[in-house]
Amino acid sequence: MYSQELYLRPNVVFEPLVDRWYAWSHLISPATAAMNIAHRHLKIMQSFVTAAQVHVAAVANPKMLGGPFISHGSERVPEIQALISQTKHDRAQMIAFAEAIQQLDDLLRTRADGHSLEPLYESVPELLRGYVELVYDLNDHPSFRLIEPLLYHSPYYDASAQSMMLSLISEDERPFVLSTPRLDSDTNVHVHLPFESQTIDDLFAMKRTPRTFPWIKERLGLSDGDDALFRSFLTEETPPSYVAYTGEGVRWRYFGHACILVETKQNNILTDPVLSYTFASQIPRYGYEDLPDAIDYVLITHNHQDHIMFETILQLRHRIKCAVVPRSSGGALQDPSLKLLLRRIGFANVIELDELETISAGDVTITGLPFLGEHADLDIRSKLAYLVRLGRHSLLFAADSCNIEPKLYQWVERVVGEVDVLFLGMECEGAPLSWIYGPLITRRVQRTMDQSRRLSGSDYKKGIDIVRRFNCKQVYVYAMGQEPWLNYIMSKKYAQDSGPIIESNALLADCAAHGIVAERLFGEKEILLP
Ligand SMILES: [Fe+2]
Ligand SMILES: [Fe+2]
């Protein structure tokens with residue numbers, strides 16, 4: 001057994017964790033992590049310990065999907081209690097950092113009255129001194145910016161909080177992950193490794209390149225007690241080999257949600273990587289085995305959990321030659337830099353793109369286009385649509401862009417011209433402001449404000465305006481969170497009378513009536529452009 005070369009099974013689930021919580025960007029960047037530990041994790045866990053039966057009932061109620069409820073039974077209260085104690089002990093500095101942010105906000109609210117901010121520096125909480133600059137906008141509204149690169153070199157970035165959980169999956173159903181810390185079980189192997197560790201690359205390279213059991217066991221630092229379970233994650237079965245596109249045109253394949261692989265003979269591009277694992281299923285889909293060994297460009301449209309998914313991109317890191325991300329505003333708490341974050345967790349080559357900036361290589365050019373809305377009116381810049389030109393073809397990946405100001409596309413079209421193929425998300429009934437950003441806000445958010453400021457994408461009227469403006473020949477509605485393998489992160493279950501389905505149906509019908517090829521993508525799709 002020990003000398004046999006083995007592959008990693010295609011249905012091994014990899015869950016990157018921070019403090020045992022499912023990793024997403026705001027748990028990795030230091031300031032947002034502090035706020036989430038203090039104002040999300042500890043609160044949810046405390047609530048569970050106080051009233052576990054409320055959580056059990058809420059998790060069983062489909063209407064409460066995606067809410068702040070832990071999906072463990074009440075028998076696990078002692079383990080959650082222990083995790084609270086451990087978090088308070090191990091992350092005391094982060095909790096203090098979150099308190100300092102609260103104090104700084106209070107300071108600015110009470111003492112920044114339009115006069116010089118310089119005298120306030122001595123009142124900045126000690127933990128934040130040297131890490132913030134105090135600023136006004138032109139209307140004397142005070143704020144602060146974090147010197148974010150320094151925070152990654154401070155005690156507030158602690159990679160020892162990172163780990164990963166491995167298990168097997170044979171169906172799409174997974175419990176919603178963003179509200180529940182992962183606990184040990186006899187079906188999981190918990191590995192304590194920082195995300196930057198090259199061992200993660202070694203492990204996932206085993207989907208293509210076989211290694212012996214002792215070789216990977218030693219790298220992962222597994223104990224003998226995990227031998228039997230971890231051995232079940234490996235197989236002697238050779239995976240199918242990948243067949244690259246060799247035609248003269250363009251092949252694109254839809255992998256689910258906003259994840260699309262675009263290939264020419266020379267180049268390939270993967271957008272917003274989110275992949276299903278591979279197991280027998282009624283719903284056909286592409287998976288990891290349908291990706292090339294080397295991915296030239298990964299394009300990340302924006303910093304929402306369903307578009308920058310660490311579970312997927314860390315598994316692909318060893319194959320990614322270049323990650324392209326939107327430029328952040330540089331230091332706003334709500335807008336952490338994706339470049340800093342990805343570099344810190346081991347992505348060697350990350351390019352930050354700005355609006356109307358272009359990169360070119362061989363037969364491909366990639367241009368960042370403005371992406372308005374879908375962020376509850378917060379000043380968040382790390383969002384871009386990507387216009388990809390391959391020879392004579394142009395494809396626009398607009399993700400969750402919300403056409404709140406149609407004039408924008410009038411000006412953009414004057415610069416970039418018409419677009420052949422549009423990919424547009426139409427999740428037009430998005431979550432309220434507090435769903436993602438609540439833990440970052442240090443004052444009470446009025447319910448009516450919270451409900452009015454949403455993470456909503458384009459509806460029919462907004463979408464069709466983009467189609468007409470660019471004179472698109474093909475339109476694909478995507479990024480709807482409809483694939484069942486996304487339920488664990490999206491908390492979406494659509495019916496025929498759901499707003500996004502009605503609105504996107506109207507868009508498809510309008511396109512069809514005007515001779516435009518149009519489809520709402522689901523599962524898998526392949527299109528060849530000559
Ligand atoms: Fe989004
Ligand atoms: Fe989305």
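Each ligand, and each atom within it, is numbered from 1 in the order the structure gives. Counting begins at 1 with the first residue of the sequence.
Residues Asp19 and His41 have side chains that never bring a donor and an acceptor to within less than 3.5 angstrom of each other. Asp450 and Ser434 form a side-chain donor-acceptor contact under 3.5 Å, judged by distance and modelled atom types alone.
Judged as a side chain to side chain contact (heavy atoms under 4.5 Å, CB included), and not counting sequence neighbours, the contacts of Thr358 are Ser360, Thr365, Thr367.
Counting only protein N, O or S atoms, 3 lie closer than 2.8 Å to the Fe ion (ligand 2).
Between Tyr386 and Phe397, a ring centre-to-centre spacing not shorter than 6.0 Å is recorded.
A distance of 8.0 Å separates CG of Leu341 from OG1 of Thr32, quoted to the nearest 0.5 Å.
A salt bridge links Glu311 with Arg174: at least one charged nitrogen is closer than 4.0 Å to a carboxylate oxygen.
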